[in-house]
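Chain letters run A, B, ... following the sequence lines, proteins first and then strands; every chain starts at 1.
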There are 2 protein chains.
Amino acid sequence: MARLTRAESQARTREHVLDTAYTLFLGEGFTATSMERVAEAAGYSKGAVYSNFATKNELCLAVLDRIAAEQVTQLAAVMGDAPRFEDRIAGFARWADETIGDSSWTSLEVEFATANRRDKQVCEQLAQRRRTVTDALAELIRAQADELGITPALPADTAALTLLSLGIGLGVQRAFDPTVPVQPIVDLLRTVMSGRP
Amino acid sequence: MARLTRAESQARTREHVLDTAYTLFLGEGFTATSMERVAEAAGYSKGAVYSNFATKNELCLAVLDRIAAEQVTQLAAVMGDAPRFEDRIAGFARWADETIGDSSWTSLEVEFATANRRDKQVCEQLAQRRRTVTDALAELIRAQADELGITPALPADTAALTLLSLGIGLGVQRAFDPTVPVQPIVDLLRTVMSGRP
DNA sequence: GTCTATAAATCGATAGAC
DNA sequence: GTCTATCGATTTATAGAC
């Protein structure tokens, strides 16, 4: 194996710290996880962490970016190109069950957002990311509707916002009460995709 | 004015602390507000606060109880007994605009819930309160449907959970991005209450 | 760029006087 | 029951050696 350049070495450290923060923030929560703990679990010192991420918030935003990318990819893959309408809904139902069912990613997003709701800098970042996600979701809905040859029951933008909001709401409640069912969001998608042909 | 008994005096202090915590938690957030700050703003010492509320979590749960009671009362009042269907929807729309629009209460509930999601004690308390709220909401939907002589498009339980979840989701996003519209939840209520006659 | 060591502040919660 | 004073732990972030 070739020796790493300084830049490669730093990128590796950064990635390693990000991996560790990803696991800890999702598992224990944002407030409950200290930077000390991240450094320790990653096998570095606190100083090393801070030389890659200026603040705890910046580290968490990087984790949230990774999560958002994963979600969009998974969602597109799972609804993908099943031939029949019901197969796509079933695919979504499976995804919802696994992903909203284990609602730790929703909890993390929401814990970070609400805890920093008075920080204009952070709010700006979160608002930008929010638009990116809803746009991607709306685009996915449009593409699915096209393939199925229907017009969604709601405008794609509205449908995307409603689905995302419902997912957040259900996920948050499931975080402290696992008896909350995931079904409502599957019903909503079915309604949305049962538009006029 | 008669002199206060010891019990009355303590009840007054407790109420005063609760008022202050209510304002600060809603305005600044749960994590961002220290017990020191609550005591100072209420005009007491930290010890006085701790002799009325054993922990910070207990104080926040008391605040959340007050909020929940307010919401249910307001919602019942605003949809109340308008003669026409459209007037009730309009009443709800106004309430949604003011109450979800200023989403600080949603943010507080959600910040507290997600920050304590690994605390089984707190989760139990929150789950119990959640059931109380959804039950009250479902009952309200049933009563409204009865008065209007219709059958809701969704079962009242499901409708209540869906409305609550959507409200949480929209409220959380509005906390950091005020451009998020409240309209989807009004649309949903309209759909729910447009059931078969 | 990563380390050790520590600063500097704040937190929730408690002890003991009154 | 309320006060002052403080504990003890933890936090984010920084300074300087290597």
(Q) Please determine whether the number of non-hydrogen atoms from other residues, nucleotides or ligands lying under 6.0 Å from atom CD of B/Glu86 exceeds 12. (A) yes
Q) Can a donor-acceptor pair be found between the side chains of B/Thr55 and B/Asn57 at a distance below 3.5 Å? A) no
Q. With no hydrogens and no angle check, do the side chains of A/Arg129 and A/Gln125 hold a donor and an acceptor under 3.5 Å apart?
A. yes
Donor-acceptor pair, side chain of [X] and main chain of [Y], under 3.5 angstrom:
| X | Y | answer |
| --- | --- | --- |
| A/Lys56 | A/Phe30 | yes |
| A/Ser103 | A/Gly171 | yes |
| B/Ser194 | B/Arg190 | yes |

Q: Heavy atoms of chain A, cut-off under 4.0 Å: which first and last nucleotide of DNA chain C, 5' to 3', fall inside that, if you could look?
A: C/dG1 to C/dT6
Q) Who pairs with B/Thr99 by side chain to side chain donor-acceptor pair (under 3.5 Å), at least two apart in sequence or on another chain? A) B/Trp95
Q: Measure from NZ or CZ of B/Arg66 to the centre of the six-membered ring of B/Tyr22 and say whether it is under 6.0 Å with the direction within 45° of the ring axis.
A: yes
**Q.** Sub-4.0 Å heavy-atom contacts from residues 19-39 of chain A onto DNA chain D, ordered by number
**A.** A/Ser34, A/Met35
Q.
Assuming nearest nucleotide by heavy-atom distance, tell me which of B/Arg14 and B/Lys46 is located more 5' along DNA chain D.
A. B/Arg14
**Q.** Separation of D/dT12 P from A/Glu58 CD (nearest whole Å)
**A.** 14 Å
